[in-house]
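Scroll down for the structure; my scribbles are underneath it.
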Amino acid sequence: MDNLLTSSLELAGTFAFALSGIKLASGKQIDWFGAYLVGLATAIGGGTIRDILLDVTPFWMLHSKYFITTAVALLAFLIFNDKIFRWWNALLVFDAIGLGLFTMAGLSKSVATGLPFWVCIAMGTITGSIGGVIRDVLLNEVPLLLRRDIYALACVTGGLVYFGCIYLKLPTSVTEMIAGSIIILIRLLSIHFHIHLPVLKIKNGK
Amino acid sequence: MDNLLTSSLELAGTFAFALSGIKLASGKQIDWFGAYLVGLATAIGGGTIRDILLDVTPFWMLHSKYFITTAVALLAFLIFNDKIFRWWNALLVFDAIGLGLFTMAGLSKSVATGLPFWVCIAMGTITGSIGGVIRDVLLNEVPLLLRRDIYALACVTGGLVYFGCIYLKLPTSVTEMIAGSIIILIRLLSIHFHIHLPVLKIKNGK
Amino acid sequence: MDNLLTSSLELAGTFAFALSGIKLASGKQIDWFGAYLVGLATAIGGGTIRDILLDVTPFWMLHSKYFITTAVALLAFLIFNDKIFRWWNALLVFDAIGLGLFTMAGLSKSVATGLPFWVCIAMGTITGSIGGVIRDVLLNEVPLLLRRDIYALACVTGGLVYFGCIYLKLPTSVTEMIAGSIIILIRLLSIHFHIHLPVLKIKNGK
């Protein structure tokens with residue numbers, strides 16, 4: 001992928017992730033700085049866990065743009081408040097783009113370390129989705145990820161497509177573009193058509 | 001211990017741990033894939049934290065059997081549903097076996113790195129019990145571990161017995177068998193006889 | 001700073017942090033050992049996350065005094081119960097001292113590894129404040145840190161002062177004393193005068 005484009009989309013994804021944290025914090029008697037921290041944890045949480053598991057330096061230590069983007073997200077929220085959610089659909093698209101890009105970033109970073117394919121898929125999924133789990137745990141909610149949205153499953157599917165493309169010997173850039181797009185597409189379609197996985201129920205257990 | 005036996009018991013323990021996560025998820029409007037993730041986090045969470053603290057590669061990256069066993073646990077739940085809990089007592093036994101084996105695995109791994117004995121006991125306890133804490137935090141409950149069950153205390157006791165046996169110069173295999181059995185026994189006895197530690201109360205503090 | 005003094009104050013801070021965990025646990029049907037674990041997680045959680053991010057051996061593995069201090073805190077709670085909170089103001093002072101010292105410890109440790117200044121400030125803040133976040137997540141509350149107290153912001157301010165002093169070429173010991181005192185002062189003043197950051201509100205968003 002074009003480097004500048006990837007980099008811009010990554011920041012847009014970070015912005016959308018951070019804003020989702022700030023938005024959820026806004027209903028919970030949380031102060032400005034607390035909201036910033038929740039936004040930051042949402043944006044960088046998944047990649048941090050991935051880097052800890054891979055035993056490499058957490059990515060956000062190498063560049064301040066993630067901290068700054070989160071500050072911009074908070075500022076945008078303070079200025080525009082509820083108006084920002086008139087563009088909610090745009091934000092959901094950015095969030096989906098973030099999910100696709102973050103998952104691809106996690107996948108590539110893991111493939112580079114020579115891990116087996118299913119570990120790479122797990123790493124991609126962790127990169128894309130743990131941030132939202134941390135957000136929900138901090139704000140004392142059952143993670144949305146677990147509840148209904150097709151989120152982690154989009155990452156896993158994208159990961160499988162990724163290795164399918166590799167198997168077909170497609171070039172890496174094409175592979176990443178296809179797999180990333182699949183994730184974004186699954187995520188957007190599942191939101192648009194309200195597609196959910198079935199809820200796990202127990203009949204009459206204790 | 002016999003290697004094949006240990007390996008089989010480890011999978012049985014993983015199965016029981018995963019099922020305890022899936023079961024708790026089943027009452028909470030969580031979808032199939034979410035339940036799988038909770039089961040997985042319960043089964044591999046403790047060992048993952050241990051490996052991060054020891055700065056070694058997380059154990060589940062080296063073998064796919066933990067991911068597969070969790071999938072089998074979900075499948076078993078989907079097929080048998082509440083019937084599976086007719087064997088609940090069997091599951092509690094497996095869970096206790098898992099606790100004993102996981103704790104021993106954590107202990108041995110830490111002893112091998114030359115850490116002081118009390119750190120090794122902490123590592124064993126983390127390996128055996130943090131998975132359940134992650135499960136409860138994800139599902140928005142106060143961890144069972146903290147509440148009433150003799151769980152972490154069984155791990156600590158087993159750890160002390162372990163170093164007692166080492167002090168008496170018993171061979172490692174005998175030591176592990178004794179200490180592991182003690183953990184399983186304490187756990188099962190405390191369940192059977194409803195033995196709890198006293199709850200910490202405050203009289204009239206704020 | 002004088003080494004013996006720092007060391008004593010560090011234990012006083014650990015004691016206050018542990019006691020804050022034990023106190024919060026006491027209203028929640030948690031048993032003695034569970035309360036010990038919550039106290040321990042509160043006292044060592046922040047430094048552990050810092051050490052994992054820095055990829056060094058967690059500090060508590062190198063010395064048993066943190067485990068012992070937490071045990072002393074539990075013992076003090078069991079013996080004195082609510083009487084201990086007649087000295088609550090003294091405890092808040094110790095807690096603030098702990099915050100200042102822990103943050104300084106995190107800062108220095110990060111500066112020594114040559115990280116950029118804003119990562120060092122983040123590390124200091126993590127060291128000082130994540131323990132309380134873990135405590136609140138374990139006990140199923142929205143972290144106090146996020147809610148109203150000026151806590152993490154005191155750490156960040158202290159961190160900025162730290163690098164201001166470094167820029168002015170003050171000696172390290174003086175720098176640490178000034179920056180640590182600023183954190184303690186901000187924390188105590190914000191408690192005393194009930195100074196809070198504004199809560200983030202959303203007008204009528206979804």
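Residue numbers begin at 1 in each chain, while the letters A, B, ... track the order of the sequences.
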Check each atom of [X] against the heavy atoms of chain B and say whether the ones under 4.5 Å are side chain, backbone, both or neither.
X        : value
A:Asp55  : side chain
A:Val137 : side chain
A:Pro116 : side chain

So do the side chains of [X] and [Y] get within less than 4.5 Å of each other, counting heavy atoms only?
X        : Y        : value
B:Leu115 : B:Leu54  : yes
A:Phe17  : A:Ile44  : no
A:Asn140 : B:Asn140 : yes
A:Arg50  : A:Ile130 : no

Does atom CZ (B:Phe117) have a neighbourhood of more than 12 heavy atoms from anything else shown, all under 6.0 Å?
no

Hey, which of A:Phe102, A:Phe67, A:Trp60 is the one that makes side chain to side chain contact (heavy atoms under 4.5 Å, CB included) with A:Thr14?
A:Phe102

Tell me, for [X] versus chain A, whether the close heavy atoms (under 4.5 Å) come from the side chain, the backbone, both or neither.
X        : answer
B:Ile22  : both
B:Thr48  : side chain
B:Tyr36  : neither
B:Leu138 : both

B:His63, B:Glu141, B:Lys28: which one forms the most heavy-atom pairs within less than 4.5 Å of chain A?
B:His63

